[in-house]
2 protein chains.
Amino acid sequence: MFEIGEASRQSGVGIETIRYYEREGIVPKPVRATNNRRMFSAHDVGRLRFLKKCRDLGFPLADTKTLLSLTEGDEEDCRSVKELAELHIFNVREKINELKRLEAALNELTANCDSGNVSCPMLSKLRTDQ
Amino acid sequence: MFEIGEASRQSGVGIETIRYYEREGIVPKPVRATNNRRMFSAHDVGRLRFLKKCRDLGFPLADTKTLLSLTEGDEEDCRSVKELAELHIFNVREKINELKRLEAALNELTANCDSGNVSCPMLSKLRTDQ
DNA sequence: TCTTGATCCTGTAGCGACTACAGAAGTTAT
DNA sequence: ATAACTTCTGTAGTCGCTACAGGATCAAGA
């Protein structure tokens, strides 16, 4: 059994974040020692590590919670997992495309922008009222 | 002079957002009619439109405020504008790369994930404690 | 034994950039 | 006169943390 600092180190989840997950009901409340400190089992730490991986993959916290409950239920509903993951991949792709569009627009805007101009071409493009 | 709804329609900035910009000091306080309603000049609306474009380009609100003040100052410091924009482009590129990495990782994870599996390969990969 | 420093606790507030109310007041159209 | 619309102020919620403040507890060294 580990105190919260050790659980944080082993899982990569910040101390404050662990307490936040507990408050939000993402993870079950850990047992407390007689001094009121939280004590985490190896299984608790494994759960935190799982959460960390999901979050690093960009899953929203709500999805992460769902995935966690799927791992802890008696049957693993692989189809649900796949659906969740594919929707997420779709969203990631959309975001990539949006950012690419953004990048192109920014490149075009700054193309004629050279230091020393009296009037900034980027600003004037942004200002045009149409 | 327009009331806030018309200013919102013409600029594309939401009513609540306009009031938020005012509260935050992003835009100067508009004049008020005798009935206490905000009245926006064409210039005010132009400013909102400028803000909208910057935000659509993904500039943080703080940068947007800077850009706005650069357009309204007596001299347009084109170098400052360019620096700001290039830093932003850099950030956008970084975000794109991060998302691409994410997408690849997700694709790999779901590759063996077919409906009907007894044990979900994605979940077991996420669960491995290493 | 005393002290120092690390760790932990609870509770609250802040971040960014809005968005969504509630409840009141004013305006416009029928 | 009534209904429907718009605006006003003020506050709280969103997401996922993160950063305090102020206090308790613990381990190690002098």
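Here is the naming used below: chain letters follow the sequence lines, and residue numbers restart at 1 for every chain.
Among the heavy atoms of the strands, none lies under 4.0 Å from B:Phe59.
A:Thr17 has a side-chain polar atom (N or O) that falls below the 4.0 Å cut-off from OP1 or OP2 of D:dT18. Close to C:dT27, at under 4.0 Å from its OP1 or OP2, lies a side-chain N or O of B:Asn35. One finds no side-chain N or O of B:Arg23 lying less than 4.0 angstrom from the OP1 or OP2 phosphate oxygen of C:dA17. For the pair A:Tyr20 and D:dC15, the criterion of a side-chain N or O lying under 4.0 Å from OP1 or OP2 is not met. Phosphate proximity of C:dA17 to B:Tyr21: absent, as no side-chain N or O sits under 4.0 Å from OP1 or OP2.
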Which protein N or O atoms sit under 3.5 Å from an N or O of nucleotides 4-7 of chain D?
| residue | atom | partner | partner atom | Å |
| --- | --- | --- | --- | --- |
| D:dT6 | O2 | B:Arg37 | NH2 | 2.9 |
| D:dT7 | OP1 | B:Gly5 | N | 2.6 |

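Side-chain N or O atoms of B:His88 include one that pairs as donor or acceptor with a backbone N or O of B:Leu57 at under 3.5 Å.
One can place CD1 of A:Ile18 at 12 Å from C1' of C:dC8, the figure rounded to the nearest angstrom. The CG atom of A:Leu48 sits 15 Å away from the C1' atom of D:dC17 (whole-angstrom rounding). Taking atom CE on A:Met39 and atom C1' on C:dC9, their separation rounds to 14 Å, with Å as the unit.
Donor-acceptor pairing under 3.5 Å is recorded for the side chains of B:Ser41 and B:Asp44.
Toward the 5' end of DNA chain C, the nearer of the two residues B:Arg55 and B:Glu16, judged by each one's closest nucleotide, is B:Arg55.
Shown here are the ring pair (Phe, Tyr, Trp, His ring centres under 6.0 Å) partners of B:Tyr20, two or more places apart in sequence or in another chain: there are none.
Residues A:Met122 and B:Lys82 are not in side-chain contact: their nearest non-hydrogen atoms beyond the backbone lie 4.5 Å or more apart. Using a 4.5 Å cut-off on side-chain heavy atoms (C-beta onward), B:Leu106 and B:Thr110 make no contact. Taking 4.5 Å as the limit, some side-chain heavy atom of A:Glu72 sits within range of a side-chain heavy atom of A:Arg47.
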